[in-house]
Number of protein chains: 2
Amino acid sequence: MATLTRKQREIRDRSDLILRVSRELLLERGYLGLTMDRIAVASEYSKGTIYQHFRNKEEIVAALAVQTAEKRVELFRRGGTFLGSTRERMLGMGVAAEVFLRLYPDHFKAEQITRAASIREKISAERAQHLLQLEHGCVDVATAIVQDAVQAGELSLPEGVPPETVSFGLWCLTYGVFTLLVTEGRPLAELGFPEPLRLLEHNQNLLLDGHGWTPLSADHDYAAVRTRLLAEVFPEELAQLEGRA
Amino acid sequence: MATLTRKQREIRDRSDLILRVSRELLLERGYLGLTMDRIAVASEYSKGTIYQHFRNKEEIVAALAVQTAEKRVELFRRGGTFLGSTRERMLGMGVAAEVFLRLYPDHFKAEQITRAASIREKISAERAQHLLQLEHGCVDVATAIVQDAVQAGELSLPEGVPPETVSFGLWCLTYGVFTLLVTEGRPLAELGFPEPLRLLEHNQNLLLDGHGWTPLSADHDYAAVRTRLLAEVFPEELAQLEGRA
DNA sequence: AATTGGGGTTGACGGTTCGTCAAAAAATAA
DNA sequence: TTATTTTTTGACGAACCGTCAACCCCAATT
C-alpha cells in the first residue's frame with residue numbers, strides 16, 4: 001500500500017514537473033517551439049515517459065489550460081464573496097477578471113491556443129469536458145449574483161430576458177477585450193486604446209447601467225469600490241502586481 | 001509589356017486558385033489537415049510552385065484571413081451608409097457584423113487561427129500590417145459614426161472619454177461573442193444561450209443605452225430598423241441567408 | 001548472495017510534413 | 001533550329017510526432 005501511494009505521488013509530481021517545464025518552453029519558444037523532445041530534455045525524462053503521462057502534445061497544452069481555468073474560477077469565486085450591494089459584488093467579478101489577466105497574461109495566451117478547433121479535436125473527451133465546465137463555472141458565479149440582484153429589487157429584467165443574458169454580455173465583453181489584448185498586444189495601445197483594461201471597466205459599468213442595475217454608475221463611486229475590492233478581497237494579488245511594477 | 005502583364009495575370013490567377021483550394025481543404029480537414037502536399041495535388045501544381053507564391057503555410061492562411069477581413073470591412077462600410085439617425089447607423093454596424101458571421105462563419109474561424117502568436121510570427125511584416133489595418137478599418141467606421149452622434153447632440157461623452165471608447169466596447173463585445181460562438185459551438189447553445197446573436201443584439205442595445213445614445217432602445221423600435229436595414233442595405237446577403245435556411 | 005519476475009524507462013525507428021534545390025521542362029531569343 | 005533564360009518539378013534533408021521492443025531496476029524469493 002505505502003509503496004503504491006509513494007509511486008502515485010511520484011507520478012503526480014512528475015506530471016507537475018512536465019507541465020511546469022512545458023509552460024516555460026511555451027513562454028520562451030511559443031507553441032511551435034514546444035516539442036516533445038525539448039520537453040523530454042528539459043524535464044530530464046525520456047520521451048516515452050512523457051507519453052505515459054500525456055497522450056499527445058495537445059493534452060499537455062490542455063492540461064495547462066485547465067490549470068489556468070482553475071485559477072480563474074477561484075478568483076471569480078472570491079470576487080463574488082465581497083460584502084456589499086449586488087452590483088458591487090458584480091464589480092467584484094470584473095476586478096477578479098482584471099486581476100487574473102494581469103497576473104497570468106501568458107496563461108491566458110496558452111489557454112487561447114486550445115480554442116483552435118484542430119487542437120480541441122485531439123484532446124480527450126474528459127479533459128475537454130473539464131475545461132468547458134471550468135469555463136462555465138465563472139458564468140455561473142455571475143449568474144447567481146444577477147439572480148440575487150433581481151430578488152433584491154436592484155435589477156429588473158424585462159419579460160423573457162433570462163438572468164444569463166446579463167452574465168453572457170459581461171462575459172463576452174470581457175473575453176473580447178482579453179482576446180484582443182493578448183493577440184494584438186502592442187498594436188492595440190498604438191491605435192488609440194492606451195488602457196484597454198480601464199476601457200473595459202468603463203464599458204462594463206455602462207452595460208450594467210443599460211440593464212438598469214442600481215445604483216447606477218452615475219450615483220455611486222465604483223472606482224472607490226474597486227480600490228476597496230482590491231485591498232480587501234485580493235490583497236496578496238495586489239501586492240504581487242505592485243511588486244512587479 | 002503585353003507578355004509581362006499576361007504572365008502577371010496568370011500568376012495572380014494561380015494565387016487565387018491556390019487560395020481557393022486551400023480554403024476548401026481548411027474547411028474539409030481542419031488546420032492540421034491542410035498540408036502543402038495536399039494543396040499541391042488539389043491545385044494540380046507542384047509543391048515548389050506553391051512555394052513561389054507563398055513563403056510558407058502560414059502565409060496562405062494569412063492571405064485567407066485578409067480576404068475575410070476585406071469582406072468584413074466592405075460590409076461594415078455599407079452598414080454605415082444607412083440613412084437614418086446616428087444610432088440607427090450604428091445599428092447598421094451590428095447588422096453588418098451579424099450578416100458577416102452568418103455568411104462566412106468558416107472564414108472567421110480561419111481568421112482566428114492567425115491570431116495564435118506562433119503563427120503571426122511566421123507571417124511577413126507587410127501582410128501582418130495589412131491584416132491589422134483592415135481590422136482597424138471596421139473600428140474607424142464605427143468611430144466616425146460616434147463622432148457624428150456627438151456633433152448631432154444625440155450622444156454626449158463625459159470629459160476625458162474619447163469616441164473610441166464607444167466603438168472599442170462594441171467591437172470587443174461583438175468580437176467576444178463571435179469567438180465564443182465559433183470556438184465553443186454547440187456547447188454555447190446547450191448551456192443556456194440558445195440564440196447568441198439575439199443576445200448580442202440585446203447587449204449592444206443596452207451598452208449604447210448606457211452611453212445615453214438617443215433615442216434609447218426603450219423609446220424606439222430598433223427591431224424594426226434591423227429588419228429594414230437587412231432589406232435595404234443587405235438585400236442580396238439576406239436572400240443568400242434565407243436561401244440556406 | 002544469487003536469481004527471477006514484472007513494472008518502469010528508454011531512445012531508436014517508421015511515418016509525416018515542411019521547405020529547398022538541382023535538374024528537367026518550357027518559354028523565349030537568337 | 002539552336003542557345004539562353006525562366007519556370008516547374010519532385011526527390012531530399014531536417015524536424016517532429018508517437019510507438020514499441022529492448023533494457024533496467026528493484027523487490028520478492030530461493
Side-chain angles (χ1 to χ4, degrees), chain A residues 1-18 21-22 25-26 28-64 113-114 116 118-124 127, chain B residues 1-18 21-22 25-26 28-64 113-114 116 118-124 127:
Chain A
M1 293 303 113
T3 317
L4 195 67
T5 36
R6 203 204 65 208
K7 266 269 117 71
Q8 288 181 328
R9 202 170 54 237
E10 276 177 15
I11 287 179
R12 222 209 27 211
D13 287 351
R14 201 158 53 194
S15 277
D16 288 348
L17 171 66
I18 292 170
V21 159
S22 299
L25 279 171
L26 195 58
E28 279 169 28
R29 327 196 49 143
Y31 181 65
L32 294 181
L34 179 73
T35 74
M36 296 308 264
D37 286 288
R38 278 205 258 262
I39 295 173
V41 170
S43 66
E44 297 188 289
Y45 284 97
S46 76
K47 207 144 53 108
T49 301
I50 310 287
Y51 275 97
Q52 294 234 315
H53 290 262
F54 301 96
R55 197 173 308 159
N56 52 41
K57 200 171 93 165
E58 285 72 24
E59 283 282 318
I60 293 182
V61 181
L64 291 177
I113 292 169
T114 65
S118 53
I119 287 175
R120 284 255 159 141
E121 275 164 19
K122 305 184 89 186
I123 297 175
S124 74
R127 214 186 288 268
Chain B
M1 295 301 114
T3 317
L4 197 67
T5 38
R6 201 204 66 208
K7 266 267 116 71
Q8 290 180 327
R9 203 170 53 237
E10 278 177 13
I11 287 178
R12 222 208 27 208
D13 287 351
R14 200 159 52 193
S15 277
D16 288 349
L17 171 67
I18 293 171
V21 159
S22 299
L25 279 171
L26 195 57
E28 279 169 27
R29 327 194 50 140
Y31 181 65
L32 294 181
L34 178 73
T35 74
M36 297 306 264
D37 287 288
R38 278 206 257 263
I39 294 173
V41 170
S43 66
E44 297 189 291
Y45 284 98
S46 75
K47 205 145 53 110
T49 302
I50 309 288
Y51 274 97
Q52 293 233 317
H53 289 261
F54 300 96
R55 198 174 304 156
N56 52 42
K57 200 171 94 166
E58 284 74 23
E59 282 283 316
I60 294 182
V61 181
L64 291 177
I113 293 170
T114 66
S118 53
I119 287 175
R120 285 255 159 138
E121 275 164 20
K122 304 184 91 187
I123 296 175
S124 74
R127 212 185 290 269

Closest to the side chain of B:T35, out of C:dT17, D:dT8, C:dT9, is C:dT17
Which residues share a salt bridge (Lys or Arg N to Asp or Glu O under 4.0 Å) with A:E59, sequence neighbours left out: A:R127
In whole angstrom, what separates A:E59's CD from D:dG18's P? 10 Å
Tell me every residue that passes side-chain contact (heavy atoms from CB on, under 4.5 Å) with B:L32, counting only those two or more places apart in sequence or in another chain. A:S118, A:K122
What does B:I11 touch in the nucleic acid at a heavy-atom separation under 4.0 angstrom: a base, only the sugar-phosphate, or nothing? nothing
Please report how far the helix from C:dA1-D:dT30 to C:dA30-D:dT1 bends, comparing the axis fitted to its first five pairs with the axis fitted to its last five, to the nearest 10 degrees. 30°
So if I take residues 47-56 of chain A and measure heavy-atom distances to DNA chain C, which residues fall below 4.0 Å? A:G48, A:T49, A:Q52
Could you check how far CZ of A:R38 sits from P of D:dC17, rounded to whole Å? 9 Å
Can you measure A:L17 atom CG to C:dT9 atom P for me and round it to whole angstrom units? 13 Å
Please determine whether a side-chain nitrogen or oxygen atom of A:R14 lies at a distance below 4.0 Å from atom OP1 or OP2 of C:dG8. no
Let me know the distance between CD of B:E10 and P of C:dA26, rounded to the nearest Å. 15 Å
Run the side-chain contact (heavy atoms from CB on, under 4.5 Å) check on A:I39 and A:I18 step by step: do they pass? CA-CA 7 Å; A:I39 295 173; A:I18 292 170; 4.0 Å; yes
Excluding sequence neighbours, so at least two apart, what forms side-chain contact (heavy atoms from CB on, under 4.5 Å) with B:E28? B:E24
State whether B:K57 places a side-chain N or O below 4.0 Å from either non-bridging phosphate oxygen (OP1 or OP2) of C:dC18. yes
By salt bridge (Lys or Arg N to Asp or Glu O under 4.0 Å) - contacts of A:R120 (at least two apart): none
In terms of side-chain heavy atoms of A:D37, which of C:dT9, C:dG19, D:dC17 is nearest? D:dC17
Establish, for the pair A:K57 and A:Y51, whether the NZ or CZ atom is under 6.0 angstrom from the six-membered ring centre and no further than 45 degrees off its axis. no
Listed once per pair and sorted, the salt bridge (charged side-chain N to carboxylate O under 4.0 Å, His left out) pairs that draw on residues 29-41 of chain A, sequence neighbours left out: A:D37-A:K47
d(CE, B:M36; C1', C:dT20) in whole Å: 12 Å
Contacts of A:S15 meeting side-chain hydrogen bond (donor to acceptor under 3.5 Å, both in side chains) (sequence neighbours excluded), chain-then-number -> A:H53
Rounded distance (Å) that lies between atom P of C:dT17 and atom CG of A:L32: 16 Å
Measure CD/B:E44 against C1'/D:dG10 and give the value in whole Å, please. 16 Å
Nearest-angstrom distance from the residue atom CG of B:L34 to P of C:dT17: 11 Å
Which of the following nucleotides, D:dG10, D:dC17, C:dT10, is nearest to the side chain of A:Y45? C:dT10
Using side-chain hydrogen bond (donor to acceptor under 3.5 Å, both in side chains) as the criterion, list what pairs up with A:S46, not counting sequence neighbours. A:T49
